[in-house]
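Take a look at the structure below.
Computed from a predicted structure; not experimentally measured. Each ligand, and each atom within it, is numbered from 1 in the order the structure gives. Along the sequence shown, residues carry numbers from 1.
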Amino acid sequence: MPRRNGESLRIAVQSNGRLTGYSLELLKDIGLEFEDHERRLFTRCRNFPVELLFLRDDDIPEYVADGVADLGIVGLNVIHEKRAEVDRLVPLGFGFCTLTLAVPANASIRSPSELEGARIATTHPVSLARYLDEEQIGAEIVELAGGAEIAPALDVADAICDLVSTGTTLRIHDLRRIGDVWDSEAWLVASPGLDEGSGRSALVKRLRVRLDGLLTARRLKYVTLNAPREALPRIREILPGMRSPTVVPLADSGMVAVHAAAQEEVFWEAMERLKEAGATEILVLPVEKVMR
Ligand code: PRT
Ligand code: ZN
């Protein structure tokens, strides 16, 4: 790995997996320009003092905890599992999954409390052990490197504890969910050793402002419509998240154009109600960036 350039930030990203595409897109959306060189170990950003380090997701918490990387993008499940001492900065809105307990569909077990004495196959032994301890369930943990979903069919285990997102894998293997351990998503995490007031912590602050702007923008919609002036109170009831709209009189007497950012998703139902209230030419536009 190239020597560390003193004042540049190093961000650890999964090199090749479920989080990679989302992570790189996020970094590009907050203005970082880089080539990913098929995600070789290391790349430098062209327009910002940032270096990206491409790693297996399992290694990211430790690299960030040790300060080899200043920031990392990794699933909460891996942070729990590695018991890594990292600061959690921002949940990123992707990589959603749930660590779930499941049994063969025809098993008699209906709830986690009935797992007493059972063998549970998992790739998340630390998280499972903590859960069983908290719930006071005496079960045996069968630790696997992967493929927990086939363990019951091979009679290696009576139940599994694995990540689930769509539920397709459980269905394909004829497994039934009996309970959840916790929910996970990808987080931006930081090294606890990052000095306040140092050049690097100033860079982290800049990136966080951009990230907050991006994540806020994804929730915002920009709404424009024309309406009779007297319909304005009703329109504000239909779009409660609309803050201080701009209202401009139109040449047509009594009609106004309304422009506003709405803090919420604007669904078809809301648009239908706006139309009923007298609004026309209703446009709902995505917002790309925000800075307040
Ligand atoms: O090579 P490397 O070690 O970096 O990658 P990896 O193979 O360990 O991880 P990867 O790329 O599969 O997942 C990276 C992260 O994505 C995980 O740590 C989670 O935070 C998150 N994530 C989100 C998931 C899933 N959804 C997920 N469904 N990780 C794994 N799965 C697996 C699950 O283990 C099961 O085998 O997908 C299967 C179930 O999916 P469904 O959709 O059929 O329910
Ligand atoms: Zn992994």
Side-chain angles (χ1 to χ4, degrees), residues 1 10-27 36-43 52-66 68-69 71-105 120-131 141-154 156-157 159-190 215:
M1 196 182 309
R10 205 174 257 177
I11 308 180
V13 179
Q14 189 186 22
S15 59
N16 187 15
R18 287 167 194 265
L19 303 185
T20 309
Y22 293 108
S23 306
L24 297 183
E25 194 187 333
L26 188 80
L27 296 174
D36 63 25
H37 295 303
E38 292 170 354
R39 299 182 293 276
R40 273 176 223 181
L41 182 60
F42 191 83
T43 192
L52 301 185
L53 193 56
F54 293 107
L55 300 171
R56 292 211 41 195
D57 68 343
D58 315 69
D59 296 331
I60 292 176
E62 199 177 320
Y63 274 61
V64 174
D66 292 350
V68 177
L71 296 175
I73 297 179
V74 68
L76 191 59
N77 56 304
V78 186
I79 301 169
H80 282 322
E81 194 55 31
K82 301 290 172 188
R83 286 185 283 211
E85 302 274 326
V86 294
D87 292 340
R88 288 187 215 166
L89 299 188
V90 194
L92 297 174
F94 59 85
F96 291 102
C97 54
T98 303
L99 190 65
T100 298
L101 291 158
V103 295
I120 310 175
T122 190
T123 54
H124 284 74
V126 172
S127 305
L128 176 59
R130 191 182 309 159
Y131 171 83
I141 297 175
V142 180
E143 184 176 340
L144 300 176
E149 63 277 3
I150 58 167
L154 298 176
V156 175
I160 70 162
C161 174
D162 198 6
L163 298 175
V164 170
S165 51
T166 62
T168 310
T169 307
L170 291 188
R171 215 163 307 131
I172 290 173
H173 292 88
D174 213 15
L175 296 164
R176 172 166 45 81
R177 173 185 161 274
I178 55 165
D180 294 338
V181 176
W182 37 245
D183 296 321
S184 176
E185 72 179 284
W187 276 72
L188 180 71
V189 296
L215 298 175

**OP:** Could you tell me which atoms of ligand 1, counted from 1 in the order shown, lie closer than 4.0 angstrom to a heavy atom of Phe96?
**Re:** 23 (C), 26 (N)
Subject >> atom 7 (O) of ligand 1 [closest protein heavy-atom partner, distance rounded to 0.1 Å] >> reply: Gln14 NE2, 5.0 Å
Subject >> atom 43 (O) of ligand 1: nearest protein contact (heavy atom, Å) >> reply: Thr169 OG1, 2.5 Å
Original post:
Against heavy atoms of Gly17, which atoms of ligand 1 measure under 4.0 Å?
Top reply: 11 (O)
Original post:
Of the protein's non-hydrogen atoms, which lies at the shortest distance from atom 30 (C) of ligand 1, and what is that distance?
Top reply: Arg18 NE, 3.4 Å
Original post:
Any idea how His124 and Trp182 line up, ring-wise: parallel (<30°), tilted (30 to 60°), or perpendicular (>60°)?
Top reply: perpendicular
Subject >> Protein contact of atom 28 (N) of ligand 1 - nearest heavy atom, named by residue and atom, plus distance >> reply: Ser165 OG, 3.0 Å
Original post:
Relative to the heavy atoms of Gly75, which atoms of ligand 1 are at a distance of less than 4.0 Å?
Top reply: 20 (O)
Subject >> Region of Thr166 that comes within reach of ligand 1 [heavy atoms, distance under 4.0 Å] >> reply: both
Original post:
Does Arg56 approach ligand 1 within less than 4.0 angstrom via side chain, backbone, both or neither, non-hydrogen atoms only?
Top reply: both
**OP:** Provide the number and element of each atom of ligand 1 under 4.0 Å from a heavy atom of Val164.
**Re:** 44 (O)
**OP:** Would you mind telling me if ligand 1 is within reach of the side chain of Leu19, the backbone, both or neither, using heavy atoms under 4.0 Å?
**Re:** side chain
Original post:
What atoms in ligand 1 come closer than 4.0 Å to a heavy atom of Val78?
Top reply: 18 (O)
**OP:** Give the residue and atom name of whichever protein heavy atom lies nearest to atom 33 (C) of ligand 1, and the separation in Å to one decimal.
**Re:** Leu163 O, 3.1 Å
Subject >> Which residue and heavy atom of the protein sit nearest atom 8 (O) of ligand 1, plus the separation >> reply: Asp57 OD1, 3.3 Å
Subject >> Atoms of ligand 1 close to Asn77 [distance to a heavy atom under 4.0 angstrom, numbered from 1] >> reply: 17 (C), 18 (O), 19 (C), 20 (O)
Original post:
Using a heavy-atom cut-off of under 4.0 Å, does the side chain or the backbone of Thr168 touch ligand 1, or both, or neither?
Top reply: both
